[in-house]
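Notes follow the structure.
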Amino acid sequence: ILYVMLIPGIIMFFLFMYKPMVGLLMAFENYKPAKGYWGSKFVGFDQFRFLFEDIEFWRSMRNTLAMSVMNLIFSFLFAIVFALLLNEIKSLPLKKITQTVSYLPHFLSWIIVCSLISKMLSTNDGAVNNVLMKLGLIKEPLLFLGDQKYFWWITTFANIWKETGWNSIIYIAAIAGIDQSLYEAAELDGAGRFRRMISITIPCIKGTVMIMVIFAVAGILNNNFDQIYVLQNSFNLERSEVIDTYIYKIGIQQLQFGMAAAVNITKSFFSLALLLLANGIVSKLSDGYGLF
């Protein structure tokens, strides 16, 4: 009966995940919507050759990897540290309130979050510029969203603020499953809170961290399109153009469907390579080297 219950999900997965993959044929054709997949002219790997010679593609790849790696590092660190600190709160009501408040930003649309960021970083009475000027750190307002050198950090800290609470849920659940007798034994041996955290909590959630790293690396080329597209402008384009916005522009705005499909295939191969690399590294670490 359980296998029968799976049938609707399998059908839906096939219709929405596998059936549309026939569209990948566009990457090898001079695709014309009026002629369809089977009537368009076959061009082989011409679009891939053009793609690899396009400096815009490599720039978007660089920006995608840079922002994703920054988000990966800082998001993991903040989520794990937040979960560890939350576990140390002894007051149950205070712990629940802290958890609830930290989760709320996740449910806000990126459109709303980016609007708040734009207001806070505005040169016209923006909160960040006002504070920096009052502290004497700057003499005149900085054009944060107009200076490309700030863009990667802005998106990284926006992700941290919005997703830290939500990302910490899995670590909080893993910590909750740790045998409490380990903490009691450590406490009897004179271990303080910090020592119990280092010697018990972190090693016990190592497996969870490794699995989450693999999942994160698998999607490392998937930047948040809404966030990037809203914050992007002509001044920061050098640092804000990512694979997703590149696909959108050539596929939707320029109607180069074949080229967009070629970029998607290339992106998928890079993602697969990174996933296999991360899986190999994690496997080696789990065989005795240890992540911590």
Using links of under 4.5 Å between side-chain heavy atoms of ILVMFWY residues, direct or through other members, which residues join L116 in one cluster?
I112

Which residues pass the side-chain hydrogen bond (donor to acceptor under 3.5 Å, both in side chains) test with E29, sequence neighbours left out?
none

All side chain to side chain contact (heavy atoms under 4.5 Å, CB included) counterparts of L188, not counting sequence neighbours:
none

Sorted by first residue and then second, give each side-chain hydrogen bond (donor to acceptor under 3.5 Å, both in side chains) pair with at least one member in residues 78-100; sequence neighbours left out.
Q99-Y103

Residues clustering with V230 (ILVMFWY side chains joined when closer than 4.5 Å, directly or via others)
I111

Sequence neighbours excluded, which residues qualify as ring-ring contact (aromatic ring centres under 6.0 Å, His included) partners of Y229?
F225, Y248

Set of residues satisfying side chain to side chain contact (heavy atoms under 4.5 Å, CB included) with respect to W161, sequence neighbours excluded:
P105, L108, V113

Should side-chain heavy atoms under 4.5 Å link Ile, Leu, Val, Met, Phe, Trp and Tyr, which residues sit in the same cluster as L276?
L272

Could you pull out all residues at least two apart from N264 that satisfy side chain to side chain contact (heavy atoms under 4.5 Å, CB included)?
I247, K267

Sorted by chain and number, sequence neighbours left out, side chain to side chain contact (heavy atoms under 4.5 Å, CB included) with K119 holds for none

Side-chain heavy atoms under 4.5 Å apart, restricted to Ile/Leu/Val/Met/Phe/Trp/Tyr: what other residues fall into the cluster of L237, or is it alone?
none

Quick one: list whatever passes side-chain hydrogen bond (donor to acceptor under 3.5 Å, both in side chains) with E184, sequence neighbours left out.
none

